[in-house]
Amino acid sequence: MQLQFYFLLGDFVTVGTKNLKDDQNELSEEVIFTLLSARRRRELLRILNALGGEATSGDVTTEIVGKEHGADGDAAKRKAVYVSMHQTHVPRLVEAGVLEFNETKKTIRLTGPWRQLYAYLEFDPFTKKQGLLSRMFRPQTKK
């Protein structure tokens, strides 16, 4: 059974669904892998983390266009990124309770269990003390 919820925090609206048996503060592994399956969603989380947890839609779009297209990021490419962010990626993360989107100010903010999701982005099996998966799947070295 799923529970759908709506939170109004100032100008921020968070909409999402949770399985009633799930812990409110944790994302299931299935949800984590689904959310992180899209490159732009992963990049969005990295950008927001680097910018202190909150940024405008325009700033995020500019960053993503720069990473995807470099100096070749013209208006058409910028619009394509902006549309995909607002029609697909931001709503999915808002629904999962990881982001809040302020429609009036066009700002995006990390919230809820975003750190749990972000831990999977820090995966590097060869680096010690970074990310959840890095610690779990670090290659064993012979002593």
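For clarity, every value in this text was computed on a predicted model and none was experimentally measured. We count residues from 1, following the sequence as given.
Around the NZ atom of Lys77, the shell of radius 6.0 Å holds more than 12 heavy atoms that belong to other residues, nucleotides or ligands.
At a threshold of 4.5 Å between non-hydrogen side-chain atoms, the residues Val94 and Glu100 do not count as touching. Residues Ser84 and His89 form a side-chain contact, since some pair of their non-hydrogen atoms from C-beta on lies under 4.5 Å apart. Residues Val65 and Asp74 have side chains not in contact (no heavy-atom distance under 4.5 Å, counting atoms from C-beta outward). Between Asn102 and Arg109, the closest side-chain pair of non-hydrogen atoms is not below 4.5 Å. For the pair Leu121/Asn49, no side-chain contact is recorded, criterion being any heavy-atom separation below 4.5 Å from C-beta on.
Here the closest heavy-atom approach between residue Leu99 and residue Thr111 is recorded as C-CG2, 3.6 Å. Closest approach of Pro113 and Gly97 over heavy atoms only: CD-O, 3.5 Å.
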Requested in this report: Mind running salt bridge (charged side-chain N to carboxylate O under 4.0 Å, His left out) on Glu43 and Arg46 for me, showing each step along the way?
Outcome: CA-CA 5 Å; Glu43 203 55 49; Arg46 288 184 182 112; 3.8 Å; yes
Query raised in the report: Do Phe101 and His86 pass the side-chain contact (heavy atoms from CB on, under 4.5 Å) test, and can you show the C-alpha distance, the side-chain angles, and the key distance before you say yes or no?
Result: CA-CA 10 Å; Phe101 179 65; His86 287 278; 3.4 Å; yes
Query raised in the report: Do Met85 and Val81 pass the side-chain contact (heavy atoms from CB on, under 4.5 Å) test, and can you show the C-alpha distance, the side-chain angles, and the key distance before you say yes or no?
Result: CA-CA 6 Å; Met85 293 302 290; Val81 169; 4.1 Å; yes
Requested in this report: Report the C-alpha distance between Thr107 and Ser57 in whole Å, list the side-chain angles of each, state the deciding distance to 0.1 Å, and finish with yes or no for side-chain contact (heavy atoms from CB on, under 4.5 Å).
Outcome: CA-CA 6 Å; Thr107 56; Ser57 298; over 6 Å; no
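Formation of a donor-acceptor pair under 3.5 Å by the Arg41 side chain with backbone atoms of Thr34 is found in this model. Of the possible polar contacts, none joining the Thr56 side chain to the Lys106 backbone as a donor-acceptor pair under 3.5 Å is found.
Transitive grouping of hydrophobic side chains (ILVMFWY, heavy atoms separated by less than 4.5 Å) brings Phe33 and Leu93 into a common cluster. Clustering ILVMFWY residues whenever any of their side-chain heavy atoms sit less than 4.5 angstrom apart, transitively, puts Tyr82 in a cluster other than the one holding Ile108.
Here the straight-line distance linking atom CD1 of Ile47 with atom CD1 of Ile64 works out to 4.5 Å at 0.5 Å rounding. Atom CG of residue Leu110 and atom CZ of residue Arg115 lie 8.5 Å apart, to the nearest 0.5 angstrom.
Each of Leu27, Ile32, Leu48, Val31 was compared with Val98 under the side chain to side chain contact (heavy atoms under 4.5 Å, CB included) criterion, and only Leu27 meets it.
There is no side-chain donor-acceptor pair under 3.5 Å between Asp59 and Thr62.
Between Glu68 and Arg40 there is a salt bridge, since at least one side-chain N of the basic residue sits less than 4.0 Å from a carboxylate O of the acidic one.
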